[in-house]
There are 2 protein chains.
Amino acid sequence: MLTIGKLAKAGDISPDALRYYEREGLLAPASKTDSGYRLYGEDAVRRVRFIQHAQACGFTLAEIRELLHLRQSEHACCNDVRSRAVEKKLQLAAKIRAMQTISAALERLIAKCAYGTLPVDDCPILAALEQIDGSAQDDAP
Amino acid sequence: MLTIGKLAKAGDISPDALRYYEREGLLAPASKTDSGYRLYGEDAVRRVRFIQHAQACGFTLAEIRELLHLRQSEHACCNDVRSRAVEKKLQLAAKIRAMQTISAALERLIAKCAYGTLPVDDCPILAALEQIDGSAQDDAP
DNA sequence: CTTGACTCTGGAGTTTACTTCAAGGTTTAT
DNA sequence: ATAAACCTTGAAGTAAACTCCAGAGTCAAG
């Protein structure tokens with residue numbers, strides 16, 4: 001059994017964040033000592049990792065909580081999870097495209113700006129930022 | 001001269017957001033009427049666009065304020081702007097790479113999950129989320 | 001047995017980019 | 001002339017994912 005500090009170290013996260021996860025219904029301690037200390041099992045480490053990976057995959061904590069609850073519900077099936085993953089991937093793809101558009105625009109701006117010491121009034125980057133056409137579309141859910 | 005509402009419409013933004021920009025030192029009205037109404041010149045429309053484009057390029061309002069102040073300072077030169085743009089592009093590139101890694105991981109997970117009605121206990125996506133290795137490195141400023 | 005490290009709770013603070021509200025004054029259109 | 005639409009200020013609220021704090025109790029080492 002791990003105390004909150006040990007779990008925090010194992011998961012490279014702060015004890016405060018773990019307590020926050022508990023408040024948010026993402027991770028409850030397996031038990032408590034008589035004095036009220038939280039005790040976690042080894043599965044807590046896996047769950048922390050799950051949360052972190054899912055976060056890295058772009059899921060919010062609310063969505064992760066849903067995934068975790070899905071896992072506990074009897075009627076949920078693999079496809080429920082799959083469809084969420086597919087949706088997330090589509091959102092991610094849209095964001096990547098938008099960021100690539102922006103990156104390309106910045107690239108063009110940087111290329112335009114010769115190494116030199118033009119006064120800032122003549123800076124092509126600032127000028128371009130006023131007129132850019134590259135539209136970055138966001139996903140509207 | 002435009003009132004705040006007209007400028008808001010021209011810039012596709014709310015009047016409240018414009019007042020917020022003013023508080024944040026991004027956009028001041030050219031003048032005020034006797035009754036205290038804000039009046040903006042045409043350049044305000046360009047400035048709003050500048051702010052929006054720069055935001056789309058991943059600059060925060062604080063950074064945009066810096067860019068705008070740079071423009072007004074005598075000693076700033078084009079290269080000051082350029083180097084900020086380069087830095088921003090590097091950050092963007094790192095984020096895009098991380099998101100692509102994540103997207104690829106999701107893709108693999110989705111592929112693994114056959115169309116079927118496996119109970120959620122056997123879902124390969126949930127299992128994989130516990131063990132993913134694809135590390136998404138963030139930029140540490 | 002004492003020191004220091006750890007933990008508890010509950011609540012407040014952080015960041016960003018706004019939005020919403022309340023209570024009132026001003027313009028414009030009819 | 002009066003109603004609708006617009007504008008003013010200052011303050012407070014929102015979301016997300018935490019962090020930080022005070023004040024107090026608990027545990028491990030020497």
Side-chain angles (χ1 to χ4, degrees), chain A residues 1-40 44 47-48 50-68 88 91 95 136 138-141, chain B residues 1-40 44 47-48 50-68 88 91 95 136 138-141:
Chain A
M1 287 297 201
L2 303 162
T3 59
I4 200 167
K6 310 282 184 188
L7 176 57
K9 258 175 200 150
D12 196 28
I13 190 176
S14 76
D16 272 326
L18 291 174
R19 284 187 277 259
Y20 174 72
Y21 288 170
E22 186 179 345
R23 280 203 296 287
E24 294 297 306
L26 290 162
L27 172 64
S31 61
K32 287 204 175 188
T33 66
D34 288 352
S35 53
Y37 280 28
R38 289 167 179 81
L39 291 177
Y40 299 89
R47 190 171 265 229
V48 168
F50 177 95
I51 293 168
Q52 289 170 337
H53 293 319
Q55 263 186 313
C57 284
F59 290 94
T60 65
L61 289 189
E63 290 165 335
I64 296 168
R65 179 176 44 218
E66 268 186 66
L67 285 177
L68 289 166
K88 219 16 119 177
Q91 286 175 12
K95 269 190 190 145
D138 217 345
D139 42 34
Chain B
M1 288 295 202
L2 302 163
T3 58
I4 200 168
K6 310 282 185 189
L7 176 57
K9 259 176 200 150
D12 196 27
I13 191 176
S14 77
D16 275 322
L18 291 174
R19 287 187 203 104
Y20 173 72
Y21 288 169
E22 186 178 346
R23 280 203 296 287
E24 294 296 307
L26 289 162
L27 173 64
S31 61
K32 286 205 177 187
T33 66
D34 288 352
S35 53
Y37 280 29
R38 290 166 178 81
L39 291 176
Y40 299 90
R47 190 172 264 230
V48 168
F50 177 95
I51 294 169
Q52 289 170 336
H53 292 319
Q55 263 186 311
C57 284
F59 290 93
T60 65
L61 289 188
E63 290 165 335
I64 296 168
R65 179 176 44 218
E66 267 187 68
L67 285 178
L68 289 166
K88 220 16 121 176
Q91 285 175 13
K95 269 192 191 143
D138 217 346
D139 42 32

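The sequence lines fix the lettering, A, B, ..., with proteins before strands; numbering per chain opens at 1. Computation of the quantities below employed the complete heavy-atom set of this structure, encompassing side-chain atoms and omitting hydrogens, waters and symmetry-equivalent molecules.
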Flag the pair B:Ile51 / B:Leu61 as yes when at least one side-chain heavy-atom distance between them is below 4.5 Å, and no otherwise. yes
Distance-only donor-acceptor pairs under 3.5 Å for side chains of residues 18-27 of chain B, two or more places apart:
from    : atom 1 : to      : atom 2 : distance (Å)
B:Arg19 : NH1    : B:Asp16 : OD1    : 2.9
B:Glu22 : OE1    : B:Arg38 : NE     : 2.6

Contact pattern, 5' to 3', of nucleotides 25-30 of chain C - B, S or - by protein heavy atom under 4.0 Å: BBS---
Which of residues 19-30 of chain B have a heavy atom under 4.0 Å from DNA chain C? B:Tyr20, B:Tyr21, B:Arg23
Between C:dC18 and B:Gln52, is there an OP1 or OP2 to side-chain N/O distance shorter than 4.0 Å? no
B:Ala62: what forms a side chain to side chain contact (heavy atoms under 4.5 Å, CB included) with it, not counting sequence neighbours? B:Thr60, B:Arg65
Spatial distance of atom NZ (B:Lys9) from atom CG (B:Asp12) [nearest 0.5 Å]: 11.0 Å
With sequence neighbours excluded, tell me which residues meet side-chain hydrogen bond (donor to acceptor under 3.5 Å, both in side chains) with B:Thr3. none
Is there side-chain contact between A:Leu7 and A:Ile13, with heavy atoms separated by less than 4.5 Å? no
In whole angstroms, how far is the C1' atom of C:dC18 from the CD1 atom of B:Ile4? 14 Å
Go through the structure and list residues passing side chain to side chain contact (heavy atoms under 4.5 Å, CB included) with B:Ala28, not counting sequence neighbours. none
Spacing of NZ belonging to A:Lys32 relative to CE belonging to A:Met1, to within rounding of 0.5 Å: 13.5 Å
Kindly say whether B:Gly11 contributes a backbone atom to a donor-acceptor pair with the side chain of B:Gln52 at under 3.5 angstrom? yes
I'd like the 5' and 3' limits of the part of DNA chain D contacted by chain A, with heavy-atom contacts below 4.0 Å. D:dA17 to D:dC27
Per nearest nucleotide of DNA chain D, the residue lying toward the 5' end, B:Gly36 or A:Ala62, is B:Gly36
Validation row: A:Phe50, A:Leu68 side chains within 4.5 angstrom (heavy atoms): yes
With rounding to the nearest 0.5 Å, note down the distance linking CD in A:Glu66 to CD1 in A:Ile64. 10.5 Å
So, using side-chain hydrogen bond (donor to acceptor under 3.5 Å, both in side chains) as the criterion, who are the partners of A:Thr33 when residues are at least two apart? A:Ser35
Note: contacts of residues 6-16 of chain A with DNA chain C (heavy atom, under 4.0 Å) are none
